[in-house]
**Student:** 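A single structure is presented below for examination.
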Amino acid sequence: MSDTDTDAVSTSLHAEIADLEARLALARARLPTIPAPAPPIPPASTSHLLLLLSDSALPLGSFAFSSGLESYIAHQRTPRPSGLDSVSRFLQLSLHALSTSTLPFVIASHTHPSTSHHLDDLFDASTTCPVARRTSISQGRALSTVFSKSLSPALPTTTTTTTSPFTTYRAAQPHGHFSVAWGLVCAACGVDLQSTCYLFLLGHVKAVVSAAVRMGLVGPYQAQALLAAEETREAVGRGVERGMGVPVEEAAGGVPVLDVYLGRHEVLYSRVFNS
Amino acid sequence: MAAPTPLLAAGDGLIHARLLPPSRLVLPHLEFAYPLKLISTSPPTARCLTVFMLSYGGGLVSADQISLTVVCEPRAKLTKLFKRRTPLHITSQRLTATLHPFSALLLLPDPLQPFADSHYTQHQTIHIPTDNSASFVLLDWLSEGRSARNEHWALHRLESRNDVYAGSRLLLRDALVLDEELVGGETLQSRMDGFACVATVIARGPLFAGLVRYVLERYQREPRVGAKGFGGVRERRWDVLWTAASVRGFLVVKVSGRELQEVRGFLKEMLEEEKGGEGEGEVEGDVVREFGEDALRCLR
């Protein structure tokens with residue numbers, strides 16, 4: 001083969017490579033929502049993040065919310081049951097309600113993070129109680145901010161690039177509901193679905209019990225006993241299981257009286273909490 | 001009255017409301033198939049068209065499925081009233097209503113009264129035009145069952161879903177699932193906290209702007225819980241607990257009461273925009289002005 005032939009072949013190969021690269025770039029550009037597979041986050045790092053996410057200081061500002069407990073207690077008829085009985089009952093009912101109305105959105109957001117902004121609007125349309133909306137948005141936005149400012153710098157860079165689901169979600173200017181943000185953030189931190197769900201419901205339990213202590217319904221030791229109790233653990237486990245069986249299109253409240261009590265938080269004569 | 005059309009599947013129905021200028025409302029289509037029966041009683045001069053929905057034998061029975069399509073053409077006004085008794089076993093009811101610009105729909109059924117061990121699914125979907133010119137009021141309510149037979153929330157499963165779409169976007173979803181599963185050892189009846197009736201009202205659109213304002217103002221005046229005197233029935237005209245909110249351009253009202261009659265009375269007063277104690281010369285509320293007194297007959 002002569003030199004000129006070799007030159008011609010290599011020129012045409014170069015042209016072909018350039019063409020293929022251009023087409024590859026174009027194809028990549030057409031698929032902005034499909035991120036390059038992120039390198040796996042080391043398990044040690046994930047469990048470290050998991051422990052951070054389970055901190056009762058998260059989501060930021062959660063101390064301001066009682067998740068409906070305050071209004072529930074205010075609407076109890078006399079004679080009122082004991083503080084402990086009221087709190088345990090409220091926990092059981094609210095976990096049930098949360099598992100069928102909200103947990104499905106956590107699961108969907110964790111499983112399909114690239115659809116999070118759509119899920120966020122769907123959740124917004126499905127949440128008709130203004131008190132619940134306010135709480136969810138305030139906590140969700142706080143979580144998003146914590147993630148982008150504090151947690152994401154600790155993650156492999158690909159999870160925070162312009163094509164990551166979280167960036168797409170933020171760019172779509174979502175309402176910012178907590179359930180969707182939680183699923184998304186946990187997925188980005190490499191937390192598995194089961195733990196994501198369990199932690200979501202446990203976070204609710206901790207917020208309610210903490211509010212109950214500040215309302216003087218239970219003492220601090222009773223509160224720890226309630227958190228540790230087998231029935232609480234079972235209720236959280238059952239909630240996760242129930243939520244796994246409900247697609248977002250079928251998400252629905254299951255305890256209508258709780259919605260009425262929560263909605264009437266706005267007409268309490270005096271209020272300690274924002275919800 | 002048209003005979004049941006054989007082309008429809010069992011339980012299917014179609015209602016088509018149209019305005020013939022200047023002011024005559026007609027139903028160019030009113031079709032239905034057993035076990036569904038639709039009856040229109042409106043005189044030609046009525047302010048709105050009224051269609052009653054009945055089913056043979058007075059109730060939905062096992063495995064009946066009702067699927068109803070409603071179309072309100074531009075500027076048409078339609079009231080749909082259900083005369084329904086009760087689901088016995090597995091029944092489902094689907095309603096899809098398409099509202100064209102400047103049309104209006106009132107959906108005011110009798111309360112659903114789920115029998116013991118019944119399994120019932122109801123999906124209602126309203127499509128509104130994206131220009132926001134259509135108006136509707138939807139009432140969805142259920143009672144504890146046949147309390148005279150000592151049935152209190154003894155149903156097997158009940159699912160009720162109300163969706164409103166503009167184009168392909170879901171604007172609002174109100175969904176409720178009740179099932180007999182024990183929660184923390186509590187039965188469904190126990191979780192209902194003594195309430196015998198729960199109701200949801202959803203309203204939107206220019207024709208009901210006055211109603212929305214009235215309800216939100218009234219909620220602002222609701223006695224404060226925990227203030228002196230709360231809980232005394234004398235303080236409140238109706239023994240109900242309720243909330244009202246403006247959500248994504250909708251008015252959403254939730255009412256629950258220990259007696260069906262208290263909820264009924266409250267809803268009637270709310271939809272009539274009763275100002276309370278001012279006597280004669282009151283201005284008519286939006287619903288009565290647009291649809292006439294008869295539209296509220298399920299609340300008497």
Side-chain angles (χ1 to χ4, degrees), chain A residues 70-78 88-97 99-101 118 121-134 175 231-232 234-235 238-239 242 246 248-271, chain B residues 142 157-165 169-179 181-186 188 190-195 197-200 202 219-231 240-248 250-258:
Chain A
E70 186 177 27
S71 189
Y72 171 79
I73 296 293
H75 282 90
Q76 292 288 290
R77 301 223 154 187
T78 47
S88 347
R89 176 172 191 246
F90 180 79
L91 272 181
Q92 293 284 343
L93 295 186
S94 59
L95 277 172
H96 181 78
S99 70
T100 57
S101 65
H118 172 67
D121 194 46
L122 206 58
F123 187 80
D124 196 69
S126 313
T127 309
T128 57
C129 171
V131 181
R133 295 167 67 82
R134 224 172 28 230
H175 305 279
E231 57 172 33
T232 305
E234 272 176 11
R238 263 198 315 275
R242 200 184 294 112
V246 181
V248 283
E249 288 297 326
E250 289 171 24
V255 191
V257 295
L258 281 191
D259 296 338
V260 172
Y261 297 143
L262 178 59
R264 288 174 61 82
H265 190 270
E266 292 179 316
V267 295
L268 297 189
Y269 180 66
S270 60
R271 276 170 280 183
Chain B
L142 65 150
R157 187 172 194 274
L158 184 144
E159 178 182 332
S160 172
R161 189 180 301 281
N162 299 299
D163 289 349
V164 185
Y165 285 90
R169 186 178 180 217
L170 178 71
L171 292 186
L172 195 79
R173 169 169 291 164
D174 179 71
L176 175 68
V177 173
L178 298 180
D179 67 47
E181 185 191 348
L182 292 180
V183 175
E186 273 193 58
L188 175 61
S190 166
R191 315 199 264 284
M192 297 304 287
D193 258 8
F195 291 107
C197 176
V198 291
T200 300
I202 301 171
Y219 185 58
Q220 285 305 310
R221 294 199 311 272
E222 178 72 356
R224 301 289 118 165
V225 184
K228 222 173 143 187
F230 174 79
V240 297
L241 283 184
W242 70 294
T243 66
S246 172
V247 178
R248 291 171 56 113
F250 295 86
L251 170 73
V252 179
V253 181
K254 300 261 173 191
V255 189
S256 50
R258 277 152 219 283

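Proteins get letters first, then strands, A, B, ... in listed order; numbering begins at 1 in each.
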**Student:** With a 4.5 angstrom heavy-atom cut-off, which part of A/Ser71 approaches chain B: side chain, backbone, both or neither?
**Tutor:**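 Answer is neither: A/Ser71 stays 4.5 Å or more from chain B.
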**Student:** Is chain B contacted by the side chain of A/His175, its backbone, both, or neither, given a heavy-atom distance below 4.5 Å?
**Tutor:**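 The answer is the side chain of A/His175.
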**Student:** Is it the backbone or the side chain of A/Thr100 that comes under 4.5 Å from a heavy atom of chain B, or both, or neither?
**Tutor:**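 For A/Thr100, no heavy atom lies under 4.5 Å from chain B.
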**Student:** In terms of heavy-atom pairs under 4.5 Å, which option from A/Val257, A/Leu91, A/Val255 contacts chain B the most?
**Tutor:**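 Answer, by heavy-atom pair count under 4.5 Å with chain B: A/Val257.
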**Student:** Provide the full list of salt bridge (Lys or Arg N to Asp or Glu O under 4.0 Å) pairs with a residue in residues 88-97 of chain A, sequence neighbours left out, each pair given once.
**Tutor:**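 Applying salt bridge (Lys or Arg N to Asp or Glu O under 4.0 Å) to every pair that reaches into residues 88-97 of chain A, excluding sequence neighbours, yields A/Arg89-B/Glu186, A/Arg89-B/Asp193.
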**Student:** Could you look at B/Tyr219 and say if it's the side chain, the backbone, both or neither that has a heavy atom under 4.5 Å from chain A?
**Tutor:**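 Backbone plus side chain of B/Tyr219, per the 4.5 Å heavy-atom cut-off to chain A.
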**Student:** For the residue pair A/Tyr261 and A/Tyr72, categorise the inter-ring angle as parallel (less than 30°), tilted (30 to 60°) or perpendicular (more than 60°).
**Tutor:**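 A/Tyr261 vs A/Tyr72 ring planes: perpendicular.
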**Student:** Please classify the contact between B/Glu181 and chain A as side chain, backbone, both or neither, with a heavy-atom cut-off of under 4.5 Å.
**Tutor:**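 For B/Glu181, the side chain is the part near chain A, not the backbone.
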**Student:** With a 4.5 angstrom heavy-atom cut-off, is it the side chain or the backbone of A/Glu250 that approaches chain B, or both, or neither?
**Tutor:**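 Answer is both: backbone and side chain atoms of A/Glu250 are under 4.5 Å from chain B.
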**Student:** Looking at B/Asp174 and B/Lys254, what are the two nearest heavy atoms and their distance?
**Tutor:**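 Nearest pair, atom of B/Asp174 first, then B/Lys254: OD1-NZ, 2.6 Å.
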**Student:** Can you tell me which portion of B/Val252 sits under 4.5 Å from chain A's heavy atoms? Options are side chain, backbone, both or neither.
**Tutor:**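 Interface part for B/Val252: side chain.
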**Student:** For B/Leu176, check side-chain contact (heavy atoms from CB on, under 4.5 Å) against everything at least two apart and list the hits.
**Tutor:**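 Only A/Pro256, B/Leu142, B/Leu178 meet the side-chain contact (heavy atoms from CB on, under 4.5 Å) criterion with B/Leu176.
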**Student:** Is it true that a side-chain atom of A/Arg264 and a backbone atom of B/Trp242 form a donor plus acceptor pair closer than 3.5 Å?
**Tutor:**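 Answer holds: yes.
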**Student:** Check for a donor-acceptor pair, side chain of B/Arg161 on one end and backbone N or O of A/Glu249 on the other, with a separation under 3.5 Å.
**Tutor:**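 Yes, B/Arg161 side chain to A/Glu249 backbone: donor-acceptor pair under 3.5 Å.
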